[in-house]
Amino acid sequence: MDKKPGHMPGATFDSTLRPTVIKPSGDRRAMRDAVSVPIEHAPKSSPPMKPTAIPGVQRRRLEVTIVDLAKIAPLAGKDVLRRAVAILQEVVADAATERSAILWGHALQEEYGRSVSRMLELSHDPVMVKAAGYVNRMSSILAAIDLKAIAEANPGVGQYLKRLNQRIDTPDELDGARFELDQLVGLMANTMEPLLSVKDAIERQVAETERLAVEIEAMSIAADYLAGRPSPKKPELARIYTDRGIGLTHTLAQIRETAALRGAQAAQPLSLIAAVQEIALVTVPGWLSSLSAMTTMLRSQRRPTPTEASELDHRLRHILQQLKS
């Protein structure tokens with residue numbers, strides 16, 4: 001039997017065999033189906049949406065002028081009236097509620113209360129208390145010095161006669177006073193920069209209070225204007241605005257009544273700075289230098305002349321006057 005090429009022994013050849021058909025995968029079938037979808041069955045795009053119109057009420061602003069408000073507050077300044085106009089122009093007509101009326105200007109009153117507390121804190125700032133203590137101690141020492149008694153003191157009995165008074169009237173006591181005065185001069189010099197910082201903070205706070213006064217007065221005028229045009233739907237708001245106008249006016253009166261106090265508070269650090277800068281750092285050291293010459297003279301058993309003692313005493317009184325002013 002002849003062997004056919006490629007025929008393996010023991011194998012039979014089946015002439016019925018057919019090529020294997022591999023079915024397409026799901027993804028490929030889906031792609032085929034998508035391509036074969038008729039055009040008439042393709043999804044149609046939705047028409048563009050049109051904006052929905054919601055009916056409502058137009059929000060009307062108040063139309064008010066300085067002339068209108070000048071009739072309500074003829075004594076108010078133009079800057080206050082202009083501010084009141086600006087405030088009212090932000091109000092939406094007929095949109096006020098009882099809550100908004102009750103809180104009209106309330107935040108400004110709270111801010112003023114915080115401003116008062118801040119001013120009190122600055123007035124009692126530790127550096128202010130410390131500098132004032134230095135000035136008072138220096139004044140006490142200088143006021144206790146009796147130069148005429150020192151000039152006339154007998155060195156032999158001066159320490160014994162010291163006994164009965166609190167005055168500085170012996171050369172030894174004067175040396176102790178000079179030592180402490182030198183210390184005070186150095187301590188006061190170190191307070192200059194902190195005092196300047198407190199001064200700037202107080203001045204900023206005073207300016208802030210003045211700004212609040214303008215805002216509060218403008219809000220009070222605006223409240224009176226709103227009270228004069230009550231809403232037919234909310235007539236009770238007129239009474240609330242009237243009460244708020246009165247309350248704001250009382251706050252404004254308090255600000256104006258305490259203007260002198262704020263001026264004194266603003267002057268306090270300036271007074272201490274002057275005491276440090278002009279007296280402690282200039283006048284007192286010069287006077288102490290002359291006093292040192294006097295004590296040296298006393299220890300050499302030579303008394304100063306009445307003119308020398310009188311001149312030193314005159315300068316001392318002048319320093320004391322400056323420290324008190």
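Here, residue 1 is the first one in the sequence, and each next residue gets the next number. Predicted model, so just to flag it, every value in this text is computed and none were measured.
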(request) Using modelled atom types only, decide if a donor and an acceptor are shared between the side chain of Ser289 and the backbone of Gly286 within a distance under 3.5 Å. (result) no
(request) Hey, could you give me each pair passing ring-ring contact (aromatic ring centres under 6.0 Å, His included) that has a residue in residues 276-323? Not counting sequence neighbours. (result) none
(message) Could you go through Leu226 and Leu237, starting from their C-alpha distance and side-chain angles, then the distance that decides it, and tell me whether this counts as side chain to side chain contact (heavy atoms under 4.5 Å, CB included)?
(response) CA-CA 9 Å; Leu226 293 172; Leu237 295 184; over 6 Å; no
(message) Taking Ala132's backbone N and O only, do any of them form a donor-acceptor pair with Asn136's side chain (distance below 3.5 Å, no angle check)?
(response) yes
(message) Hydrophobic cluster membership, with links at side-chain heavy-atom distances under 4.5 Å among I/L/V/M/F/W/Y: are Ile240 and Leu103 in one?
(response) no
(request) Report the C-alpha separation of Leu316 and Leu312 in whole Å, then their side-chain angles, then the decisive distance to 0.1 Å, and conclude whether the side chain to side chain contact (heavy atoms under 4.5 Å, CB included) test is met. (result) CA-CA 6 Å; Leu316 173 60; Leu312 273 178; over 6 Å; no
(request) Please test Lys78 against Ile66 for side chain to side chain contact (heavy atoms under 4.5 Å, CB included), starting from the C-alpha separation and ending with a verdict. (result) CA-CA 8 Å; Lys78 289 186 178 180; Ile66 290 180; 5.7 Å; no
(message) Is there a side-chain contact between Val116 and Thr258 in this structure, where contact means two heavy atoms from C-beta onward sitting under 4.5 Å apart?
(response) no
(request) Locate the shortest heavy-atom distance separating Leu323 from Leu142; write the atom from each residue and the value. (result) CD1-CD1, 4.0 Å
(request) Report yes or no: does Lys148 contribute a side-chain atom to a donor-acceptor pair with the main-chain N or O of Ser310 at less than 3.5 Å? (result) no
(message) Under 4.0 Å between a side-chain nitrogen and a carboxylate oxygen: does that hold for Asp200 and Arg204?
(response) no
(request) Flag yes if more than 12 heavy atoms outside Gln321 fall under 6.0 Å of its CD atom; otherwise flag no. (result) no
(request) May I have all residue pairs that pass ring-ring contact (aromatic ring centres under 6.0 Å, His included) and include part of residues 106-142, sequence neighbours excluded? (result) none
(message) Do Met297 and Leu147 land in one hydrophobic cluster if side-chain heavy atoms of ILVMFWY residues count as linked below 4.5 Å?
(response) no
Quiz: residues 176-193 side-chain donor-acceptor pairs under 3.5 angstrom, not counting sequence neighbours:
| from | atom 1 | to | atom 2 | distance (Å) |
| --- | --- | --- | --- | --- |
| Arg178 | NH1 | Asp175 | OD1 | 3.2 |
| Arg178 | NH2 | Ser292 | OG | 3.4 |
| Glu180 | OE1 | Arg137 | NH2 | 3.0 |
| Glu180 | OE2 | Arg137 | NE | 2.8 |
| Glu180 | OE2 | Arg137 | NH2 | 3.3 |
| Asn190 | ND2 | Gly186 | O | 3.4 |
| Thr191 | OG1 | Met188 | O | 2.6 |

Contacts table for residues 244-255: side-chain donor-acceptor under 3.5 angstrom, sequence neighbours left out:
| from | atom 1 | to | atom 2 | distance (Å) |
| --- | --- | --- | --- | --- |
| Arg244 | NE | Ile102 | O | 3.4 |
| Arg244 | NE | Trp104 | O | 2.9 |
| Arg244 | NH2 | Trp104 | O | 2.9 |
| Arg244 | NH2 | Gln109 | OE1 | 2.7 |
| Thr249 | OG1 | Ser220 | OG | 3.0 |
| Thr249 | OG1 | Gly245 | O | 2.8 |
| Thr251 | OG1 | Gln109 | NE2 | 2.9 |
| Thr251 | OG1 | Gly247 | O | 3.2 |

(message) On a heavy-atom basis, which atom in Ala73 and which in Leu81 lie closest, and how many Å separate them?
(response) O-CD2, 4.3 Å
(request) Under the salt bridge (Lys or Arg N to Asp or Glu O under 4.0 Å) rule, collect the residues that match up with Asp68, sequence neighbours excluded. (result) none
(request) Not counting sequence neighbours, list each pair that qualifies as a ring-ring contact (aromatic ring centres under 6.0 Å, His included) and has a residue in residues 194-223. (result) none
(message) Could you go through Leu62 and Glu90, starting from their C-alpha distance and side-chain angles, then the distance that decides it, and tell me whether this counts as side chain to side chain contact (heavy atoms under 4.5 Å, CB included)?
(response) CA-CA 8 Å; Leu62 294 176; Glu90 293 298 317; over 6 Å; no
(message) According to side chain to side chain contact (heavy atoms under 4.5 Å, CB included), who are the partners of Glu63, at least two apart in sequence or on a separate chain?
(response) none
(request) Quick one: list whatever passes side-chain hydrogen bond (donor to acceptor under 3.5 Å, both in side chains) with Arg118, sequence neighbours left out. (result) none
(message) Does anything in residues 257-280 form a salt bridge (Lys or Arg N to Asp or Glu O under 4.0 Å)? List the pairs, not counting sequence neighbours.
(response) Glu210-Arg262
(request) Would you mind listing every ring-ring contact (aromatic ring centres under 6.0 Å, His included) that reaches into residues 192-239, with sequence neighbours excluded? (result) none
(message) Is the shortest side-chain heavy-atom distance between Val80 and Ile221 below 4.5 Å?
(response) yes
(request) With sequence neighbours excluded, tell me which residues meet salt bridge (Lys or Arg N to Asp or Glu O under 4.0 Å) with Lys199. (result) Glu203
(request) Just grab all the salt bridge (Lys or Arg N to Asp or Glu O under 4.0 Å) pairs involving residues 97-115, residues at least two apart or on different chains. (result) Glu111-Arg211
(request) Quick one: pull up OG1 in Thr242 and CZ in Arg239 and give me the separation to the nearest 0.5 Å. (result) 9.0 Å
(message) Can you give me the closest heavy-atom contact between Ala76 and Glu217, atom names plus distance?
(response) CB-OE2, 3.8 Å
(message) Check whether Ser139 reaches the backbone of Val135 with its side chain - one donor and one acceptor, N or O, closer than 3.5 Å.
(response) yes
(request) Taking all non-hydrogen atoms of both residues into account, name the closest pair between Ile279 and Pro285 and its distance. (result) O-CD, 3.9 Å
(request) Heavy atoms only: give me the nearest Ile87-Ala218 pair and the separation to one decimal. (result) CD1-CB, 4.0 Å
(request) Would you check if Ser123 and Met128 make a side-chain contact, meaning some heavy-atom pair closer than 4.5 Å? (result) no
(request) To the nearest 0.5 Å, tell me how far Leu69 CG sits from Asp224 CG. (result) 10.0 Å
(request) Could you please spell out the steps behind the side-chain hydrogen bond (donor to acceptor under 3.5 Å, both in side chains) verdict for Glu208 and Ser115? (result) CA-CA 8 Å; Glu208 175 64 14; Ser115 176; over 6 Å; no
(message) Are Leu261 and Met119 linked, directly or through intermediate hydrophobic residues, by side-chain heavy-atom contacts shorter than 4.5 Å (ILVMFWY only)?
(response) no
(message) So which atom in Arg167 and which in Ala143 form the shortest heavy-atom distance, rounded to 0.1 Å?
(response) NH2-O, 3.5 Å
(message) Hydrophobic clusters here meaning ILVMFWY residues chained together by side-chain heavy-atom distances under 4.5 Å, can you tell me if Leu270 and Leu196 are in one?
(response) no
